[in-house]
Protein chains: 2
Amino acid sequence: MDIPNRVIGRLSAYRRHLRRWLSEGREQVYSHDLATQEGITPAQVRRDLMTIGYTGSPARGYDVHGLLTRIGELLDPRPDEGIILIGAGRLGRAMLDYLAAQHPEYPVRAAIDNDPELVGRVIHGCRCHADGDLEDIIRDEQVTIGIVAVPADSAQDVADRLVRAGIRGLLNFAPVRLRVPAGVYTQDLDIAVSLEKVAFLARGQAKAQETHE
Amino acid sequence: MDIPNRVIGRLSAYRRHLRRWLSEGREQVYSHDLATQEGITPAQVRRDLMTIGYTGSPARGYDVHGLLTRIGELLDPRPDEGIILIGAGRLGRAMLDYLAAQHPEYPVRAAIDNDPELVGRVIHGCRCHADGDLEDIIRDEQVTIGIVAVPADSAQDVADRLVRAGIRGLLNFAPVRLRVPAGVYTQDLDIAVSLEKVAFLARGQAKAQETHE
DNA sequence: AGAACGTTGTGAATGAGTTCACAGACTAAG
DNA sequence: CTTAGTCTGTGAACTCATTCACAACGTTCT
Ligand SMILES: NC(=O)c1ccc[n+]([C@@H]2O[C@H](COP(=O)([O-])OP(=O)(O)OC[C@H]3O[C@@H](n4cnc5c(N)ncnc54)[C@H](O)[C@@H]3O)[C@@H](O)[C@H]2O)c1
Ligand SMILES: NC(=O)c1ccc[n+]([C@@H]2O[C@H](COP(=O)([O-])OP(=O)(O)OC[C@H]3O[C@@H](n4cnc5c(N)ncnc54)[C@H](O)[C@@H]3O)[C@@H](O)[C@H]2O)c1
């Protein structure tokens, strides 16, 4: 099965609304309910659900619980998919805190920082290790995803080491585009670029709005 | 002139390479230089520069300084475009720090938080105000852009107030899609969704990599 | 001067993503 | 049982973005 990138992002968003509705006791939803929440067309929602092979019923819509289960099969992390954070600076610590509080399904196995001040500290249940331990931790702790939150200068070096140690995916906050070999997936999340987009579009008369991505 | 969203993002990225090259004394670049850095095709770069009406010369490529100037005309913030941050929690403070250090061209005029502990404190040169001051600050300090870093529950309320006070653009970190009227531009930057994308794509065999957006 | 090379600018082709529009399906009401 | 109404599933149309491919051009070398 081949699910486009964009669709994954929307499924993740749908899931949040579905969870909320489920907790409110709602059992069915229509494509236009999800569409309204996300500011897209109902046709888009149906198309997305079609690509993951989930079908609803005319006149009753989609089953909230069933759809959540289906999306979960695709998106829920497997138990052997650990995360490692490189760079326990301000952004890195904010992420640790946020993930621990809001996303227990993504356990950060370890943090790495080259500041001796930080090494050995335990931040939100996550131990901070020295730079040199990176390779061992990835091999020993079933880590497949790396979050890169080091300064721009070091980001590519860090990424290279992670790749060599066998990482599968990277989420990068440093303002550089990481170069990785095929088979490793990188998502560069450049906040400064996003801010520049907002500033530009707020200046001229904007037409549309845009979600993450 | 109508510049697509995607192009703005790439221009912002090009600019970083151009600045680096300029500081290294380089005077011309070819489309393939920028393309290589960003992992895209040279044709895409030329197309982008075409849409902003910048032209190079065959055999010499583009003038680094001139191109930087041209992109700057489009992207550089105007002096009357102030920023306000709502929610001086962990992420908000990390942003304050980051913007102050790395992006002095985007001066954050004020922060707002409803935690009495934070109100009155000055964080990285930015004073934290009480919740109720929001409207006054926006009107008095030429603020056109809002950064939303409050919990998900409050995000839409905060956005509504910002919009009513006349904000033009929003950068939103809360995991909800903000609903704003036409004329206001919102960029939702959902880090959890990005992480879920990376996890999914790292699991199956990924093909491509993706930049922010 | 003329030829050879490498790059730009861009129309046209391709590709990806979104929306349209409607047949078929299901429900509820009469 | 039949009719009216609403929603799904989806082929086709459409829109937007990317890539191709090549003429035109500037530079350098002979
Ligand atoms: N703070 C923000 O809100 C923000 C926003 C956008 C982008 N970013 C980017 O995120 C990255 C981190 O930002 P930050 O504000 O947390 O910076 P920071 O300086 O607070 O933290 C960086 C941390 O990385 C560590 N580090 C440096 N080199 C390292 C290496 N080679 N190996 C391991 N650790 C190393 C440092 O010791 C420090 O603790 C930067 O690239 C920054 O541009 C930050
Ligand atoms: N920390 C991260 O790395 C991270 C990552 C992704 C998304 N987010 C999102 O960003 C937002 C902020 O995250 P955080 O980690 O900084 O949370 P936080 O709890 O540390 O900070 C939130 C701040 O907002 C303030 N606040 C709450 N309601 C307010 C209101 N109505 N008006 C003004 N201020 C108000 C609180 O006093 C607090 O200081 C959340 O929506 C979170 O989901 C955070």
Side-chain angles (χ1 to χ4, degrees), chain A residues 1-14 18 21 26-64 66-67 70-71 177 197 201 206-213, chain B residues 1-14 18 21 26-64 66-67 70-71 177 197 201 206-213:
Chain A
M1 188 189 323
D2 184 29
I3 303 178
N5 221 289
R6 300 273 187 91
V7 176
I8 297 296
R10 285 193 297 264
L11 290 174
S12 172
Y14 297 159
L18 292 169
W21 286 326
R26 188 163 179 185
E27 292 181 0
Q28 303 108 32
V29 283
Y30 297 120
S31 57
H32 66 247
D33 295 320
L34 284 165
T36 305
Q37 293 299 314
E38 286 299 304
I40 58 182
T41 64
Q44 174 95 81
V45 173
R46 294 202 296 277
R47 187 67 68 190
D48 287 344
L49 300 193
M50 201 177 99
T51 77
I52 62 167
Y54 191 81
T55 95
S57 109
R60 236 180 330 173
Y62 302 92
D63 178 60
V64 174
L67 181 50
R70 178 77 188 103
I71 298 178
R177 180 177 243 268
K197 277 198 206 175
L201 291 156
K207 316 178 273 224
Q209 70 184 119
E210 191 186 356
T211 312
H212 45 89
E213 73 171 295
Chain B
M1 186 189 322
D2 183 30
I3 304 177
N5 220 288
R6 302 272 188 90
V7 176
I8 297 296
R10 284 193 296 264
L11 290 174
S12 171
Y14 297 159
L18 292 169
W21 286 326
R26 187 164 179 183
E27 292 180 2
Q28 303 109 29
V29 283
Y30 297 119
S31 57
H32 66 247
D33 295 320
L34 284 164
T36 305
Q37 292 299 314
E38 286 299 304
I40 58 184
T41 64
Q44 173 96 82
V45 173
R46 295 202 297 275
R47 185 65 68 184
D48 287 342
L49 300 193
M50 201 176 101
T51 78
I52 64 168
Y54 192 82
T55 94
S57 106
R60 235 179 332 173
Y62 301 92
D63 178 60
V64 173
L67 181 50
R70 177 76 189 106
I71 297 178
R177 179 176 244 269
K197 276 199 206 173
L201 290 155
K207 320 179 269 227
Q209 70 183 114
E210 191 186 356
T211 312
H212 43 90
E213 59 169 309

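Each chain gets a letter, A, B and so on, in the order its sequence line appears, and its residues count up from 1.
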Taking all non-hydrogen atoms of both residues into account, name the closest pair between B:Gln28 and B:Arg26 and its distance. O-NE, 3.1 Å

For residues 32-57 of chain B, pull every pair meeting ring-ring contact (aromatic ring centres under 6.0 Å, His included), keeping only residues two or more places apart or in separate chains. B:Tyr30-B:His32

Rounded to whole angstroms, how far apart are CD on B:Gln28 and C1' on D:dT28? 15 Å

Taking CD1 from B:Ile3 and C1' from D:dA17, how many angstroms apart are they, rounded to a whole number? 16 Å

Tell me, for nucleotides 1-7 of chain D in 5' to 3' order, what letter each nucleotide earns: B for a base near a protein heavy atom under 4.0 Å, S for only sugar-phosphate near one, - for neither? ------B

Find the distance B:Asp33:CG to C:dG6:P and express it as a whole number of Å. 15 Å

Tell me, do B:Gln44 and B:Glu38 make a side-chain contact under 4.5 Å, heavy atoms counted? no

Check nucleotides 12-17 of chain C against the protein and report each pair of N or O atoms closer than 3.5 Å, with its distance, or say if there are none.
from	atom 1	to	atom 2	distance (Å)
C:dA12	N6	B:Arg47	NH2	3.2
C:dG17	O3'	A:Arg6	NH1	3.2

Heavy atoms only: give me the nearest B:Ser31-B:Arg46 pair and the separation to one decimal. OG-NH1, 3.3 Å

Could you pull out the closest heavy-atom pair between A:Thr41 and A:Ala35, with the gap in Å? C-CB, 3.6 Å

Gap between atoms CG and P, on A:Asp48 and D:dT8 respectively (whole Å): 13 Å

Could you walk me through whether B:Tyr62 and B:Leu18 satisfy the side-chain contact (heavy atoms from CB on, under 4.5 Å) test, starting with their C-alpha distance in whole Å, then the side-chain angles of each, then the deciding distance to 0.1 Å, before giving a yes or no? CA-CA 10 Å; B:Tyr62 301 92; B:Leu18 292 169; over 6 Å; no

Here the distance between atom C1' of C:dT8 and atom CG of B:Leu49, to the nearest Å, is 10 Å

Distance below 4.0 Å between B:Thr41 side-chain N/O and D:dT19 OP1 or OP2: yes

Side chains of A:Leu67 and A:Tyr14 in contact at under 4.5 Å (non-hydrogen atoms): no

Flag the pair B:Val29 / B:Gln37 as yes when at least one side-chain heavy-atom distance between them is below 4.5 Å, and no otherwise. no

Can you tell if the side chain of A:Leu49 reaches within under 4.5 Å of the side chain of A:Ile52, non-hydrogen atoms only? yes

To the nearest angstrom, how far is B:Asp63 atom CG from C:dT8 atom P? 13 Å

Roughly how many Å is it from CE in A:Met50 to C1' in D:dT8, rounded to a whole number? 11 Å

